Novice: 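Quick one: the structure is below, and I'll ask about it shortly.
Just so we're clear, the structure is a prediction, and the values are computed from it rather than from any experiment.
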Amino acid sequence: MSTIDFLDRGCSIHPDGDYLVFGGQRTTYRDAQRYTYRVANGLRGLGCGKEAKAAVWSANDPIGWLCTLSIWRAGMAWMPINPRNGTQENGYVLDAFDCEVLFFQSAFAAQVAALRPQLKKLRHFICIDGEAADALSLPRWAAEQPETRPDVSPAMDDVCAVMSTGGTTGKPKGVMTTHRGLQTMVANWLSVLTYPADRPPVNLAAAPLTHTAGVFSLMTTLRGGTVVILPRPDPAMLLDAIEQHRVTELFLPPTVIYVLLDLPGIAGRDFSSLRYLLYGAAPMSPEKLRRALETFGPVMIQGFGQTEAAASISCLQPEEHFADGGFAREERLASCGRPFPFTQVSIRDDANQPLPDGQVGEICVAGDNVMKGYYRAPDKTAETIVGGWLKTGDVGYLDSEGFLHITDRKKDMIISGGFNVYSAEVEAVINSHPAVQDCAVVGIPDEKWGEAVKAVVERNPGKEVSEVEIIALCKDKLGGVKAPKSVDFVDKLPRSAVGKVQKREVREKYWQGRTRQVA
């Protein structure tokens with residue numbers, strides 16, 4: 001199956017059923033299918049060939065997502081553009097990855113106009129919700145196109161998406177994902193997201209459709225379910241939508257879950273419809289995870305993945321959060337579950353040799369979900385895919401039960417006095433304190449130790465915790481070597497557009513004028 005076949009299968013199940021719901025606007029599967037016919041025919045008429053790149057610059061919006069589906073219908077490659085990113089970062093991605101067509105909301109017309117002089121490869125601009133200077137108007141243009149199925153048959157190994165890595169470690173790289181890769185991702189998730197035949201899923205897309213929420217909605221599409229789209233992950237709006245639409249599944253990053261847990265009246269909300277609350281994109285502390293299980297019920301399901309592996313490396317299923325009539329032990333809750341059935345995971349040393357269970361090394365992945373490579377960067381591809389194994393850059397181990405544990409990002413490991421300190425381990429302890437909203441642990445220059453462990457902490461509103469308390473907590477749990485030598489408090493930690501703490505930005509403040517050696 002190519003990626004657009006997911007929509008066609010959903011249409012065959014519930015042609016007149018609600019596919020996309022956005023406020024009072026409802027789009028059926030049949031209407032969505034016909035719309036993609038028209039837009040795809042229009043793209044073909046513009047001379048866009050197979051694997052040509054097209055981007056959608058839009059906030060969460062059903063028409064924006066239908067444009068993405070239309071790109072796949074035309075056999076082209078989708079380039080996700082996060083509207084929360086800076087204008088210049090999006091401009092770099094559009095130019096570096098050779099985008100030919102840009103769909104954009106009128107709200108971003110000024111940014112698009114400012115970038116146009118530098119986007120020499122972009123041939124067509126299409127405003128999805130009205131008129132914009134020197135751009136096609138999608139409503140008028142689409143209405144002029146034939147409503148017949150385009151004669152396009154993508155090959156399974158054709159590139160269907162060029163996804164930005166996000167740029168947390170330098171300039172963004174373009175991850176080439178194939179139809180086979182996305183199909184494998186969907187197969188992995190469908191092996192755990194089970195439903196009775198008479199109860200199609202209702203997915204809530206609150207996180208950006210340009211990121212995890214978009215590709216996760218494909219599992220719902222394939223089953224003929226409904227995707228309820230929110231313009232943004234507003235906490236009150238999100239809770240109301242769960243109750244109103246009887247939502248059965250949604251994805252949220254831990255940062256949003258933390259905000260929900262602290263909302264007044266959260267215990268009185270109705271979450272009885274929820275079957276799966278997927279969390280991922282960043283670690284979640286066991287203490288807050290237990291609170292989430294108490295609040296939302298036995299519905300938490302963790303996913304570990306990365307763009308280069310189509311968001312499907314391992315999964316901690318709902319029942320695996322429990323053992324012996326209570327919560328599973330902390331080590332299990334801190335894990336990211338077992339590898340998916342269609343993904344191989346191996347812990348490897350620097351010579352790319354496999355390590356036995358329990359030994360810490362780099363997490364490496366193989367399978368059809370692994371990217372085709374980085375766009376126009378064969379050297380970086382060769383560094384990342386070695387001997388058929390994708391080097392994730394994450395450090396961790398597999399335990400005797402097959403559960404995967406991440407101890408750190410390879411670049412975030414702190415070497416202090418000759419000892420390896422895994423920052424994620426220290427962060428998990430700090431995040432267990434009820435006054436802590438989130439934290440980042442980094443290594444800073446130290447004449448004696450080489451690097452000293454520094455914690456940068458964001459407190460919960462109205463809560464207090466001191467540097468002495470944080471250090472004492474870590475010493476008690478981890479010992480003196482791993483405990484922070486100092487703690488800074490900030491109002492807000494820097495985060496990416498998808499909610500990940502930007503540790504590189506945190507660290508750079510302390511390394512100005514110095515060079516940090518990375519193992």
Novice: So Trp78 and Thr3, do their side chains get closer than 4.5 Å, heavy atoms only?
Specialist: no
Novice: Is the closest side-chain donor-acceptor distance between Tyr19 and Asp31 under 3.5 Å?
Specialist: no
Novice: If we ignore hydrogens and angles and just use 3.5 Å, is the side chain of Lys391 paired with the main-chain N or O of Val386 as donor and acceptor?
Specialist: no
Novice: For the NZ atom on Lys380, are there more than 12 heavy atoms of other groups (residues, nucleotides or ligands in this structure) within a distance under 6.0 Å?
Specialist: no
Novice: Would you say CG of Asp16 has more than 12 non-hydrogen atoms from neighbouring residues, nucleotides or ligands within 6.0 angstrom?
Specialist: yes
Novice: Would you call Met176 and Thr381 a side-chain contact if the rule is heavy atoms closer than 4.5 Å?
Specialist: no
Novice: If you define the side chain from C-beta out and look only at heavy atoms, does anything of Pro318 sit under 4.5 Å from Val299?
Specialist: no
Novice: Might you point out which heavy atoms bring Tyr258 and Met284 nearest each other, and give the distance in Å?
Specialist: OH-CA, 3.4 Å
Novice: For Tyr35 and Thr27, which I'm curious about, is there any donor-acceptor pair between the side chains at under 3.5 Å?
Specialist: no
Novice: Going by distance alone, is a donor N or O of one side chain under 3.5 Å from an acceptor N or O of the other, for Arg246 and Ser272?
Specialist: yes
Novice: Give a yes or no on whether the backbone of Lys173 and the side-chain of Thr165 come within a donor-acceptor separation of less than 3.5 Å.
Specialist: yes
Novice: Measuring from Asn431:CG to Lys288:NZ, what's the distance to the nearest 0.5 Å?
Specialist: 5.0 Å
Novice: Does Arg140 pair with Glu131 as a salt bridge, N-O distance under 4.0 Å?
Specialist: yes
Novice: Give me the atom names and distance for the closest heavy-atom approach of Pro150 to Tyr37.
Specialist: CD-CD2, 3.8 Å
Novice: Kindly compute the distance separating OG1 (Thr392) from CD1 (Ile406), expressed to the nearest 0.5 Å.
Specialist: 7.5 Å
Novice: Arg332 pairs by side-chain hydrogen bond (donor to acceptor under 3.5 Å, both in side chains) with which of His405, His321, Glu320, Glu401?
Specialist: Glu401
Novice: Any idea which heavy atoms bring Asp262 and Gln437 closest together, and the distance?
Specialist: OD2-OE1, 3.9 Å
Novice: So which atom in Cys127 and which in Pro139 form the shortest heavy-atom distance, rounded to 0.1 Å?
Specialist: O-CD, 4.0 Å
Novice: Under 3.5 Å, side chain of Asp129 to main-chain N/O of Gln105, donor-acceptor pair present?
Specialist: no
Novice: Using modelled atom types only, decide if a donor and an acceptor are shared between the side chain of Gln344 and the backbone of Ala366 within a distance under 3.5 Å.
Specialist: no
Novice: If you measure from the Lys or Arg side-chain nitrogens to the Asp or Glu carboxylate oxygens, is any gap between Arg123 and Glu100 under 4.0 Å?
Specialist: yes
Novice: Is Arg223 salt-bridged to Glu249, going by a charged N under 4.0 Å from an acidic O?
Specialist: yes
Novice: Determine whether a donor-acceptor pair (N or O, by modelled atom type, separation under 3.5 Å) exists between the side chain of Tyr276 and the backbone of Gln317.
Specialist: no
Novice: Between Thr68 and Val56 (side chain of the first, backbone of the second, donor and acceptor by atom type, cut-off under 3.5 Å), is there such a pair?
Specialist: no
Novice: Whether Asp18 and Arg26 form a salt bridge (side-chain N of Lys/Arg under 4.0 Å from carboxylate O of Asp/Glu) is what I want to check.
Specialist: yes
Novice: Does a side-chain heavy-atom distance below 4.5 Å link Val175 with Phe97?
Specialist: no
Novice: Do side-chain atoms of Ser137 reach the backbone of Gly130 as a donor and acceptor pair under 3.5 angstrom?
Specialist: yes
Novice: Check whether any side-chain heavy atom of Thr221 lies under 4.5 Å from a side-chain heavy atom of Leu69, and answer yes or no.
Specialist: no
Novice: Please examine the side chains of Phe304 and Val345, heavy atoms only from C-beta on, and report whether any two atoms are closer than 4.5 Å.
Specialist: no
Novice: Can you tell me how far OG1 of Thr384 sits from CG of Asp379, rounded to the nearest 0.5 angstrom?
Specialist: 9.0 Å
Novice: Under 4.5 Å between any side-chain heavy atoms of Val215 and Met163, yes or no?
Specialist: yes
Novice: Is any side-chain heavy atom of Arg495 closer than 4.5 Å to a side-chain heavy atom of Asp438?
Specialist: yes
Novice: Using ring-ring contact (aromatic ring centres under 6.0 Å, His included) as the criterion, list what pairs up with Phe340, not counting sequence neighbours.
Specialist: Trp189
Novice: Sequence neighbours excluded, which residues qualify as ring-ring contact (aromatic ring centres under 6.0 Å, His included) partners of Phe125?
Specialist: none
Novice: Please check if the side chain of Asn90 supplies one atom and the backbone of Ile81 the other of a donor-acceptor pair under 3.5 Å.
Specialist: no
Novice: For Trp72 and Thr36, what are the C-alpha separation, side-chain angles and deciding distance, and is it a side chain to side chain contact (heavy atoms under 4.5 Å, CB included)?
Specialist: CA-CA 9 Å; Trp72 286 327; Thr36 65; over 6 Å; no
Novice: Drop me the distance from Ile126's CD1 to Cys67's SG, to the nearest 0.5 angstrom.
Specialist: 7.5 Å
Novice: Within the side chain of Arg275, is there an N or O that forms a donor-acceptor pair under 3.5 Å with the backbone of Thr248?
Specialist: no
Novice: Any salt bridge linking Arg73 with Asp8? Criterion: basic side-chain nitrogen under 4.0 Å from a carboxylate oxygen.
Specialist: yes
Novice: Has the side chain of Asn60 got a donor or acceptor atom that lies under 3.5 Å from a matching backbone atom of Leu209?
Specialist: yes
